[in-house]
Amino acid sequence: MTTSILFICLGNICRSPLAEAALRAEAARLGIPVEVDSAGTGDWHLGHPPDKRAAAVASRNGIDISGLRARQVRAEDFHHFDHIVALDAQNLADLRGMRPQGSRAELSLLLDHVEGRAGQAVADPYYGQDEHFDVTWQDVTEGAKGLARKLAATE
Ligand code: 4NP
């Protein structure tokens, strides 16, 4: 059965598109059927492609994310997705605040899926430099691997 996962950050142009790409790659590697998407809690970048620095780090790691477009999380997402995974604690708090009655989605923090990193945030690289995006990529890859392992175990 296909598992659906939605990644959430603030702008949907840096961290969550990278998490989306990393999980899609890891699930393909493990042969796990997934539907993956990402969205932001904020609305500043609706319809925009990923930040150039995020697209560049994905490209350095062999993945093209230039076709993705930012959107904002909406109430229907809580009914559609099996898992909604926040990149930091503020994103998770915002999701908890907007969660509608009868929501099916299981909410979590991405790094909760990594042993020894529960509760940690994937830091916002937006005001950082290129090297911060390499750290973002390492973090989302570690999170995606942990999450994919769990999905494979429950398949
Ligand atoms: P993201 O990064 O949440 O990882 O996509 C940000 C993108 C935009 C802004 C903040 C963070 N912003 O303030 O516009």
Side-chain angles (χ1 to χ4, degrees), residues 3-30 32 34-45 48-63 65 68 70-74 77-78 80-100 103-155:
T3 308
S4 53
I5 303 110
L6 177 67
F7 291 103
I8 303 291
C9 63
L10 182 58
N12 192 210
I13 55 167
C14 299
R15 292 166 292 172
S16 62
L18 290 174
E20 175 183 349
L23 182 66
R24 199 170 273 134
E26 187 61 13
R29 200 177 70 77
L30 296 177
I32 306 168
V34 287
E35 175 197 336
V36 193
D37 196 3
S38 64
T41 56
D43 64 358
W44 309 285
H45 299 283
H48 293 186
D51 185 286
K52 284 192 171 59
R53 299 161 297 174
V57 76
S59 182
R60 287 199 288 282
N61 289 278
I63 300 178
I65 62 165
L68 299 179
R71 74 169 179 89
Q72 194 169 23
V73 62
R74 46 184 179 252
D77 290 324
F78 290 82
H80 178 78
F81 287 92
D82 298 311
H83 298 274
I84 301 184
V85 182
L87 277 284
D88 70 30
Q90 184 61 55
N91 306 147
L92 184 58
D94 290 343
L95 289 169
R96 290 205 170 112
M98 69 178 290
R99 187 179 201 173
S103 160
R104 69 192 294 253
E106 193 172 311
L107 303 187
S108 63
L109 196 59
L110 179 61
L111 292 179
D112 281 352
H113 301 284
V114 178
E115 215 176 297
R117 299 199 66 182
Q120 290 184 19
V122 175
D124 184 351
Y126 187 64
Y127 295 103
Q129 312 301 322
D130 283 349
E131 58 266 28
H132 293 107
F133 284 77
D134 286 307
V135 175
T136 307
W137 179 256
Q138 285 164 22
D139 283 347
V140 300
T141 300
E142 210 180 324
K145 286 189 172 178
L147 183 55
R149 242 189 319 266
K150 284 191 192 173
L151 296 177
T154 57
E155 227 188 318

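Only a predicted model underlies this, so the values are computations on that prediction, with no experimental measurement involved.
The distance from atom CG of Leu87 to atom OG1 of Thr41, rounded to the nearest 0.5 Å, is 10.5 Å. Going from atom CG of Leu107 over to atom CZ of Phe78 covers 6.0 Å, rounded to the nearest 0.5 Å. A distance of 9.0 Å separates CG of Asp82 from CD of Glu106, quoted to the nearest 0.5 Å. Expressed to the nearest 0.5 Å, how far CG of Leu92 lies from OG of Ser108 amounts to 7.5 Å. How far CD of Glu26 is from CG of Leu147: 10.0 Å, rounded to the nearest 0.5 Å. If you take CD1 on Ile8 and CG on Leu110, they are separated by 12.0 Å, rounding to the nearest 0.5 Å.
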Between Asp139 and Arg15, does a salt bridge (Lys or Arg N to Asp or Glu O under 4.0 Å) hold up when you go through it step by step?
CA-CA 9 Å; Asp139 283 347; Arg15 292 166 292 172; over 6 Å; no
Derivation and outcome, side-chain hydrogen bond (donor to acceptor under 3.5 Å, both in side chains), residues Asp94 and Gln90
CA-CA 6 Å; Asp94 290 343; Gln90 184 61 55; 2.9 Å; yes
Test log, rule side-chain contact (heavy atoms from CB on, under 4.5 Å), inputs Val34 and Leu151
CA-CA 9 Å; Val34 287; Leu151 296 177; 4.2 Å; yes
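The heavy-atom pair separating Ala86 from Leu95 by the smallest distance is CB-CD1, 4.0 Å. Nearest approach of Asp88 to Ala121, heavy atoms of both residues: CB-CB, 3.7 Å. Ser103 and Arg99 make their closest contact through OG-NE, 3.3 Å (heavy atoms, listed as atom of the first residue, atom of the second, distance). The two residues Leu10 and Asn91 have their closest heavy-atom pair at N-ND2, 3.7 Å. When every heavy atom of Pro50 is checked against every heavy atom of Pro17, the shortest pair comes out as CG-CB, 4.5 Å. The two residues Asn12 and Ser38 have their closest heavy-atom pair at ND2-OG, 2.9 Å.
A 4.5 Å side-chain heavy-atom check between Phe7 and Val140 finds every atom pair outside the cut-off. Two residues are said to be in side-chain contact when any heavy atoms from C-beta on lie closer than 4.5 Å; His113 and His83 fail this criterion. The side-chain heavy atoms of Thr3 and Ile32, taken from C-beta on, include no pair separated by under 4.5 Å. Counting only heavy atoms from C-beta outward, the side chains of Arg24 and Ile63 never approach each other to under 4.5 Å.
Judged by distance alone, the side chain of Thr154 and the main-chain N or O of Lys150 form a donor-acceptor pair under 3.5 Å. Using a distance-only test at 3.5 Å, with no hydrogens or angles considered, a donor-acceptor pair links the side chain of Asp112 to the main chain of Gly119.
For Arg149, the CZ atom is loosely surrounded, since the number of other residues' heavy atoms within 6.0 Å does not exceed 12.
Under the rule for a side-chain contact (heavy atoms from CB on, under 4.5 Å), the partners of Asp51 that lie at least two apart in sequence or sit in another chain are Ile13, Cys14, Arg53, Ala54, Tyr126, Phe133.
Salt bridge annotation for Arg60-Asp130: absent, with no cationic side-chain nitrogen under 4.0 angstrom from a carboxylate oxygen. Between Lys145 and Glu142 there is no salt bridge, since no side-chain nitrogen of the basic residue lies less than 4.0 Å from a carboxylate oxygen of the acidic one.
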